[in-house]
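Data block below; observations after.
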Amino acid sequence: MAGYASVYAAWKSDPEAFWMDAARRIDWDTEPSKALFDARAPSFAWFADAKVNSCFNAVDRHVAQGRGDQLAIVHDSPITHSTRGITYAELRERVASLAGALRAKGVRKGDRVIIYMPMVPEALEAMLACARLGAIHSVVFGGFAAHELAVRIDDAKPKAIIAASCGLEPGRIVHYKPLLDAALASASHQVDFCVILQREQEVAQLVEGRDVGWHAFQYGVEPADCVPVEGDHPAYILYTSGTTGQPKGVVRDTAGHMVALQWTMKSIYNIDAGDVFWAASDVGWVVGHSYICYGPLLAGATTIVFEGKPVGTPDAGTFWRVIEEHGVKALFTAPTALRAIKREDPHGERVRDYDLARFEALFLAGERADPDTVTWAQQHLGVPVIDHWWQTETGWAIAANPLGIEQLPVKIGSPSVMMPGYEVHVLDEAGERCDPGTLGSIAIKLPLPPGTLPTLWNADERFRRAYLERFPGYYETGDAGYIDDDGYLFIMARTDDVINVAGHRLSTGAMEEVLASHPDVAECAVLGVADALRGQVPLGLLCLNKTSQRPHDEIIKECVALVRDRIGPVAAFKRAGVVERLPKTRSGKILRGTIAKIADGTPFKMPATIDDPAILDDIATVLRALGYAGDKR
Ligand code: COA
Ligand code: AMP
């Protein structure tokens with residue numbers, strides 16, 4: 001097989017031929033006449049004149065090709081002490097039945113359907129049933145509060161919502177149905193109906209005339225066939241954090257998504273039909289879309305849907321138990337999960353309790369893979385540990401070590417090299433290319449490859465402003481870093497107000513909007529401070545109204561509760577302090593980076609633009625009182 005360098009060079013010299021070749025692994029209803037459609041540049045479309053169906057490619061074709069008895073999904077739930085498998089043939093039946101019931105209630109191609117479900121196979125079935133009809137799904141992560149769900153309902157304007165009665169966190173039931181009811185009560189848009197999957201751990205009350213039961217509404221309904229859609233028909237919308245409280249609705253087109261994911265399954269993850277692949281993430285995140293649901297199923301592999309945590313369900317050996325029990329060939333997880341395991345099992349003793357003979361590779365993404373964690377995994381797992389870098393917007397890896405093509409030497413701290421489709425450059429403030437080794441903004445030359453976002457849902461102008469405006473001809477990733485002499489990328493930080501908490505992408509701007517709504521808060525800043533387990537956690541600094549007489553502790557407690565209530569537990573917003581003033585530039589911009597450096601005890605230079613350096617003394621005192629490192633000017 002050709003090595004990485006020649007595969008990348010082949011793409012670069014003829015991208016059109018490269019992607020048309022990759023497209024041969026998809027079953028088309030009408031074949032595309034070409035790959036790239038650039039008439040509406042800088043918004044690009046891929047395989048636009050084709051007709052195709054993702055559910056057919058992810059499910060039906062495998063049954064037709066004789067894989068009907070193979071497991072498509074394994075649900076492993078240490079939280080409910082249960083494991084169950086669903087074969088491809090069963091999956092086809094279940095999805096066709098669900099799609100038929102949705103159709104009977106009026107869901108058609110192009111309608112939006114919100115899915116609000118925990119880690120159960122029915123979440124994947126709901127996604128696939130939408131794909132079968134050409135309906136556009138939007139999955140909302142269960143750790144978000146009702147308000148966040150309402151914001152997404154108002155933006156996506158779904159015809160229906162498919163939800164579960166509850167989710168299960170260790171020691172706690174997540175009341176999905178009451179959260180859904182609260183979201184619908186506060187949203188302006190109203191849905192035609194809700195489908196509720198009743199879980200035995202908490203059976204929800206249905207609203208008459210609006211809610212139907214998952215099983216009941218499928219009874220006696222004719223199963224639906226796959227509806228072929230145009231190649232550039234939106235497959236899904238996935239909301240992700242931007243700089244404000246209004247999340248960005250990343251749009252994913254149908255054909256490019258399939259072509260790219262199918263290519264990655266072999267080329268990056270080295271997964272073939274019949275292999276077992278496990279992405280230990282959540283269906284609510286992009287990793288869940290690409291590599292719990294669509295990628296492995298397109299490849300004809302078995303995907304693991306894991307309802308548990310890396311530790312505590314019941315212990316730090318759970319991951320290794322799942323790998324042994326289900327014969328997992330490759331695991332994809334976030335470094336945070338490994339840090340949690342390493343903290344409980346520093347010497348890797350639990351790893352040795354299991355037979356990992358069939359395990360071939362560990363993939364990490366979602367946040368920077370710190371060297372200690374990578375080294376621990378290398379040492380104890382004895383398989384390649386591969387960091388790779390991507391974003392909700394791209395849907396698949398921008399940079400990786402392509403195991404299925406050639407395993408390149410690993411450089412710890414780097415997600416390795418750029419993948420075909422991506423020409424990555426590091427740019428300085430003026431938009432000029434930086435020399436190797438020099439830090440700058442990471443940008444990708446347009447067009448972005450198949451599978452990446454063509455736009456934001458109902459927000460073309462926001463798409464242009466957020467990603468394309470700063471560096472004409474490029475997509476701005478929002479990450480800063482450098483490329484070394486060997487072409488390896490190093491992703492060092494975000495250039496915006498997005499933080500990464502336990503591999504979850506969160507907006508500090510959104511948290512600030514919530515804090516600012518507290519009656520005693522005059523002004524505030526939220527920044528990401530270093531955390532040994534979660535990588536980063538948010539910390540709030542509050543300036544109170546001059547008239548506020550209430551004890552600070554009380555206000556802080558209310559602020560913590562407010563963020564949990566409005567954004568959700570996933571924000572992990574637990575700490576805040578009261579300060580007199582916030583350090584700002586002379587033009588009024590809060591110096592969040594400087595505050596974060598003081599909190600982390602990282603040496604920093606006094607910003608030349610600061611309006612009053614003395615404020616930093618007060619900030620350092622407050623941060624020290626909160627247990628942070630303090631001023632290293
Ligand atoms: N539904 C409802 N609540 C959820 C949730 C979900 N799907 N996922 C997380 N939460 C809640 C947690 O229960 C926790 O609530 P708490 O404040 O009451 O304890 C809160 O959100 C914060 O979650 P998290 O930061 O994930 O902490 P945790 O204690 O649940 O788990 C780790 C810690 C390290 C084990 C966990 O973060 C982890 O496995 N991370 C891997 C991240 C990952 O897979 N990211 C996906 C991107 S690839
Ligand atoms: P999300 O859209 O939630 O997947 O988050 C994407 C962001 O997470 C990226 O823009 C990076 O800031 C960060 N990220 C993801 N993977 C990596 C990685 N391998 N190394 C460093 N940062 C990463």
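Read the numbers this way: they start at 1 and go in the same order the structure lists the ligands and their atoms. All residue numbers refer to positions in the sequence shown, counting from 1. Everything quoted here is computed from the prediction, not taken from an experiment.
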> Can you tell me how far OG of Ser241 sits from CD of Glu148, rounded to the nearest 0.5 angstrom?
Replying inline: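 Going from CD on Glu148 over to OG on Ser241, the span is 7.5 Å.
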> How long is the span from the NZ atom in Lys309 to the CD atom in Glu169, to the nearest 0.5 Å?
Replying inline: 3.5 Å
> Taking atom types as modelled, is there a side-chain donor on Asp479 or Trp389 under 3.5 Å from an acceptor on the other?
Replying inline: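 Distance-only check passes for Asp479 and Trp389.
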>> For a quick check under 3.5 Å, do Thr336 and Arg339 share a side-chain donor-acceptor pair by atom type?
In response: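 Yes, because at least one side-chain N or O of Thr336 sits under 3.5 Å from a partner of the opposite role on Arg339.
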Write none if no such pair exists; otherwise list each N/O atom of ligand 1 with its protein N/O partner under 3.5 Å and the distance.
{"unit_1": "ligand 1", "atom_1": "1 (N)", "unit_2": "Gly142", "atom_2": "O", "d": "3.4"}
{"unit_1": "ligand 1", "atom_1": "1 (N)", "unit_2": "Gly143", "atom_2": "N", "d": "3.3"}
{"unit_1": "ligand 1", "atom_1": "10 (N)", "unit_2": "Glu169", "atom_2": "OE1", "d": "3.4"}
{"unit_1": "ligand 1", "atom_1": "13 (O)", "unit_2": "Glu169", "atom_2": "OE1", "d": "2.6"}
{"unit_1": "ligand 1", "atom_1": "13 (O)", "unit_2": "Arg172", "atom_2": "NH2", "d": "2.8"}
{"unit_1": "ligand 1", "atom_1": "15 (O)", "unit_2": "Arg172", "atom_2": "NH2", "d": "3.4"}
{"unit_1": "ligand 1", "atom_1": "17 (O)", "unit_2": "Arg564", "atom_2": "NH1", "d": "2.9"}
{"unit_1": "ligand 1", "atom_1": "17 (O)", "unit_2": "Lys574", "atom_2": "NZ", "d": "3.0"}
{"unit_1": "ligand 1", "atom_1": "18 (O)", "unit_2": "Arg564", "atom_2": "NH1", "d": "3.4"}
{"unit_1": "ligand 1", "atom_1": "18 (O)", "unit_2": "Arg564", "atom_2": "NH2", "d": "2.9"}
{"unit_1": "ligand 1", "atom_1": "21 (O)", "unit_2": "Pro569", "atom_2": "O", "d": "3.4"}
{"unit_1": "ligand 1", "atom_1": "21 (O)", "unit_2": "Val570", "atom_2": "N", "d": "3.4"}
{"unit_1": "ligand 1", "atom_1": "25 (O)", "unit_2": "Arg534", "atom_2": "NE", "d": "2.7"}
{"unit_1": "ligand 1", "atom_1": "27 (O)", "unit_2": "Arg534", "atom_2": "NH2", "d": "2.9"}
{"unit_1": "ligand 1", "atom_1": "29 (O)", "unit_2": "Arg534", "atom_2": "NH2", "d": "3.3"}
{"unit_1": "ligand 1", "atom_1": "30 (O)", "unit_2": "Lys309", "atom_2": "NZ", "d": "2.8"}
{"unit_1": "ligand 1", "atom_1": "44 (O)", "unit_2": "Ala280", "atom_2": "O", "d": "3.4"}

Evaluate the ring planes of [X] and [Y], with Trp represented by its six-membered ring, and classify them as parallel (under 30°), tilted (30 to 60°) or perpendicular (over 60°).
| X | Y | answer |
| --- | --- | --- |
| His289 | His137 | tilted |
| Trp390 | Tyr291 | perpendicular |
| Trp285 | Phe144 | perpendicular |
| Phe363 | Tyr269 | perpendicular |

>> Do Trp320 and Asp353 make a side-chain contact, defined as non-hydrogen atoms from C-beta onward lying under 4.5 Å apart?
In response: no
> Tell me, which residues have any heavy atom less than 4.0 Å from some atom of ligand 2?
Replying inline: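 Close residues (ligand 2, cut-off 4.0 Å): Val286, Gly366, Glu367, Arg368, Asp387, His388, Trp389, Trp390, Gln391, Thr392, Asp479, Ile491, Arg494, Asn500, Arg505.
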